[in-house]
Chemist: 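My structure is below; once you've seen it, I'll send some questions.
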Amino acid sequence: MKSRAASLPRCLLGLAILLGAPSTSLAADPASELYSSYWSARLRLEPQRAVQLGERSALDQFDRSLEDDWRNDMIALLDQYRVSIATLAQNPLSQKNGRSLSILRAEVDEDLGFYSSPAFVLSRRLPIDQFQGPHLAYAQDASGSGAVSFNSVADYDLALRRADAFARWADQAIVRLREGLSHGIVLPTLVVERVLPQLEVHLRPAPEDTEFWQPIRSMPDSFSVSDQQRLTAAYKQKISAIIQPAYRRLHDFLAEEYLPHARRSVGLGDLPGGGELYEHLVRFHTTTHLSPLEIHQLGRKEVERIGHEIDRVKKRLGFRGSRQAFYESVRTNKALHFDSPEEVIPAYQAAAARIVPRLPALFGILPRMPYEIRPLPPDSSGAFQGNGDYAAPAADGSRPGILWMNTHSPGVQDRYDVMTISLHEGRPGHHFQASVALEQADLPAFRRSGNYTAFIEGWGLYAESLGKEMRLFDDPWQYFGHLTYAILRANRLVIDTGLHAYGWSVEDGVRWMTEHSSMTAQQARDEVERYVAYPGQALAYKVGELKIRELRTYAERTLGPRFDVRRFHDRVLQGGPVPLFDLEQDIHLWVQEESGHAGHSAVR
């Protein structure tokens, strides 16, 4: 299981603002100084997160969260700021600072409780999986297709030192996995079997044939001849003597010592203390106190509701058979699926171009950060890594926001999903949301880059639904594509909780998914295996989207003709990612402001 320092958007703002160095407007009061110092201290302990956000000082470091010293340092940091927050809270604060302090206090309290708990000890004994494992992030970064840019000689030298830090992580992962073996805490067999090919791909090639050699292939001509020769020799040595042996040690340990003892069951609930860890992950990813049972029941209700909407689309398409027969016809209709991976990227680029001119009708703020869609490089995509992921722009402007598409994944082979995925990942989804947040220079840095899955993924799912208002779903097949993703997120509520709280098997999950969607059995299996590897994260989408939709309905009904959807969307996004209960409080305050019951100053 990966560290809670999950993948975050990378910022296009100046580094001083991003990493917490106070600007003139933020340095005038103790609260802003506290926010700044907290963020800087936090990123020093989370170098992988800092690198994703564009901080060059962390480019020679890697994840250390598996080490005891790291845990002790994190607990000490959080305890220090818990006391500082309590002291600051005794003083009068502006409404804006009061809100930020409340968010920070909740974050510190939650994290302090987690890192001090047996649940954290359990989680670090499960440090790798096929979707979010650090072995994947390192390979992508080291190839230049991830968060690390190779523009200067210094960049290359820092990456050489980072290789040593990755090897240290790999050895520590073996220590924790072996520790888990001795305590009966082991990964599911299927997770280990999916990880092994991702490690093996780095073992056989000569250094020059690996993806780690890509920075040398693309070395700038502006480098001196001596630097080019030195770096070429250094990279060859580092790949063969450090990087490949680290992957080899991890691979051989998993294949020879660990796999024979991996478990056939898949749910966290089958592990000692796993139920408590899952409850934490549910709370962390949804920012609610919903129980697994409540979420499971919510999912079943949403599946039923969306299924009836699919029936209406089925009739529009002239299909007279049952819903199951319709799903089967969708699976077997070749015209609805791409013929080759090469067709995928142009289709998504065309969809993105259609979306842009329709945004002003729904948004007052239109960020200008660049956005591109690229195929995930073959070596780093690996098997079992899903459809791809979005990476926001680099802090220095050297890298645009990028949607990396795994064009070989079964999950991106359906033509009718193109518009919906484009809305979710690009504009007005993740790229739009991340860009707006990062442009809010008057917000503390910890809020501009908040890691609240329910807000981030909830917004992405809500953004999909805006396609209907932008008249992008006039084609019933594209609207069907929207509904397939809506019901997918509802199915996730049922299956994720089923796996980790109610003892479901992978086959149970696949059966549910194929009965309640048009996914093929292979697509369904890939999805279910994701939930096995990444418990709780899949719950965030539907829980977050329903809250945002509920708040919009509340505002529309309360404000009546005063409701302006553009102002509503701007208010949701300008506060950055926040817990859902905090978003609810702020939208209620905004409704009061719009009603004339309070001042119109923006309090984010």
Chemist: Only one of E302, E527, E545 passes salt bridge (charged side-chain N to carboxylate O under 4.0 Å, His left out) with R492; say which it is.
Modeler: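 Testing each of E302, E527, E545 against R492, the sole residue satisfying salt bridge (charged side-chain N to carboxylate O under 4.0 Å, His left out) is E527.
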Chemist: Which distance, rounded to the nearest 0.5 Å, do you find between the CD of E279 and the OG of S291?
Modeler: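 If we round to the nearest 0.5 Å, E279:CD and S291:OG are 8.5 Å apart.
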Chemist: For the side chain of W512 and the backbone of N491, is there at least one donor-acceptor N/O pair under 3.5 Å apart?
Modeler: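 Absent.
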Chemist: Could you walk me through whether L461 and E464 pass the side-chain contact (heavy atoms from CB on, under 4.5 Å) test, one step at a time?
Modeler: CA-CA 5 Å; L461 182 50; E464 294 175 22; 3.4 Å; yes
Chemist: Check this for me: does any side-chain nitrogen of one of R71 and D68 sit under 4.0 Å from a carboxylate oxygen of the other?
Modeler: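 Salt bridge absent between R71 and D68.
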Chemist: Run the ring-centre check on Y534 versus F131 and record whether the distance is less than 6.0 Å.
Modeler: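 No; F131 has its ring centre 6.0 Å or more from that of Y534.
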Chemist: The test is side-chain contact (heavy atoms from CB on, under 4.5 Å); show your working for L583 and I548 and say whether it passes.
Modeler: CA-CA 8 Å; L583 176 65; I548 295 171; 4.0 Å; yes
Chemist: Keeping S465 on the side-chain end and Y462 on the backbone end, is there a donor-acceptor pair under 3.5 Å?
Modeler: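 Answer holds: yes.
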Chemist: Less than 4.0 Å between a side-chain N and a carboxylate O, is that true for E67 and R176?
Modeler: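 Looking at R176 and E67, the cut-off is not met.
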Chemist: Distance from E46 atom CD to L77 atom CG, nearest 0.5 Å?
Modeler: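 Answer rounded to 0.5 Å: 9.0 Å.
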Chemist: I would like to know whether R530 and Q537 meet side-chain hydrogen bond (donor to acceptor under 3.5 Å, both in side chains); could you show each step before the answer?
Modeler: CA-CA 10 Å; R530 166 183 166 172; Q537 190 269 352; 2.8 Å; yes
Chemist: Do Y541 side-chain atoms and I456 backbone N/O form a donor-acceptor pair below 3.5 Å?
Modeler: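 No: the side chain of Y541 does not pair with the backbone of I456.
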Chemist: Do Y452 and W459 make the cut of ring centroids closer than 6.0 angstrom?
Modeler: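 Ring centroids of Y452 and W459 are no less than 6.0 Å from each other.
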Chemist: Under the criterion side-chain contact (heavy atoms from CB on, under 4.5 Å), I'd like the reasoning laid out for H431 against L403: C-alpha separation, chi angles, the key distance, then a yes or no.
Modeler: CA-CA 9 Å; H431 180 70; L403 172 57; over 6 Å; no
Chemist: Check this for me, if you would: do R525 and E507 make a salt bridge, where the nitrogen-to-carboxylate-oxygen distance has to be below 4.0 angstrom?
Modeler: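 So R525 pairs with E507 through a salt bridge.
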Chemist: Quick one: do the E107 and Y81 side chains pair a donor with an acceptor below 3.5 Å?
Modeler: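 There is no such pair between these side chains.
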Chemist: Less than 6.0 angstrom from the centroid, inside 45 degrees of the normal: does R168 satisfy that with respect to the ring of F62?
Modeler: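 Because its charged atom misses either the 6.0 Å distance or the 45° angle limit, R168 does not stack over F62.
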Chemist: Does K301 come within less than 4.0 Å of E304, counting only side-chain N to carboxylate O?
Modeler: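 The answer is no: the pair does not qualify as a salt bridge.
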Chemist: H135 vs Y247, test: ring-ring contact (aromatic ring centres under 6.0 Å, His included). Steps then yes/no.
Modeler: CA-CA 8 Å; H135 66 294; Y247 277 101; 7.1 Å; no
Chemist: Is any NZ, NE, NH1 or NH2 atom of the basic residue among R99 and D582 found under 4.0 Å from an Asp or Glu carboxylate oxygen of the other?
Modeler: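 So R99 pairs with D582 through a salt bridge.
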Chemist: Is the ring centre of Y138 less than 6.0 Å from the ring centre of H202?
Modeler: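 Between Y138 and H202, the centre distance exceeds or equals 6.0 Å.
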Chemist: Decide, yes or no, whether a salt bridge links R42 with D111 under the criterion of side-chain N to carboxylate O below 4.0 Å.
Modeler: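 Salt bridge flag = yes for D111 with R42.
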Chemist: My understanding is that only one of L499, T189, L187, V191 makes a side chain to side chain contact (heavy atoms under 4.5 Å, CB included) with V266; could you say which?
Modeler: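 Among L499, T189, L187, V191, the one that satisfies the side chain to side chain contact (heavy atoms under 4.5 Å, CB included) with V266 is L499.
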Chemist: Salt-bridge test for R489 and E457: reply yes if a basic N is under 4.0 Å from a carboxylate O, no otherwise.
Modeler: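 Salt bridge between R489 and E457, a charged N being under 4.0 Å from a carboxylate O: no.
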Chemist: Decide yes or no for T520 and Y327: does some side-chain heavy atom of the first lie under 4.5 Å from some side-chain heavy atom of the second?
Modeler: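 A side-chain contact is absent here, since even the closest heavy-atom pair is not under 4.5 Å.
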Chemist: Can you check whether N406's main-chain N or O pairs, donor with acceptor, with S409's side chain at less than 3.5 Å?
Modeler: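 Checked: no pair found.
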Chemist: Give a yes or no on whether the backbone of A147 and the side-chain of D141 come within a donor-acceptor separation of less than 3.5 Å.
Modeler: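 Such a contact is found between D141 side chain and A147 backbone.
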Chemist: Between R49 and E55, is there a salt bridge with N-O shorter than 4.0 Å?
Modeler: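 Result for this pair is no, no salt bridge flagged.
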Chemist: Any carboxylate oxygen within less than 4.0 angstrom of a Lys/Arg side-chain nitrogen, looking at R194 and D129?
Modeler: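 Looking at R194 and D129, the cut-off is not met.
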Chemist: For residues F114 and H280, establish whether the separation of their ring centroids is below 6.0 Å.
Modeler: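 Yes, they do, as the ring centres are separated by less than 6.0 Å.
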Chemist: Assign the ring pair W504 / H296 to parallel, tilted or perpendicular, where the plane angle (0 to 90°) is split at 30° and 60°.
Modeler: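 It falls in the perpendicular class, over 60°.
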Chemist: Given side-chain hydrogen bond (donor to acceptor under 3.5 Å, both in side chains), test T484 with D417 step by step and report yes or no.
Modeler: CA-CA 8 Å; T484 64; D417 289 338; 3.0 Å; yes
Chemist: Could you walk me through whether D496 and Y278 pass the side-chain hydrogen bond (donor to acceptor under 3.5 Å, both in side chains) test, one step at a time?
Modeler: CA-CA 10 Å; D496 194 285; Y278 185 60; 2.5 Å; yes
Chemist: Is the distance between the ring centroids of H424 and Y485 under 6.0 Å?
Modeler: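 For H424 and Y485, the ring centres are not under 6.0 Å apart.
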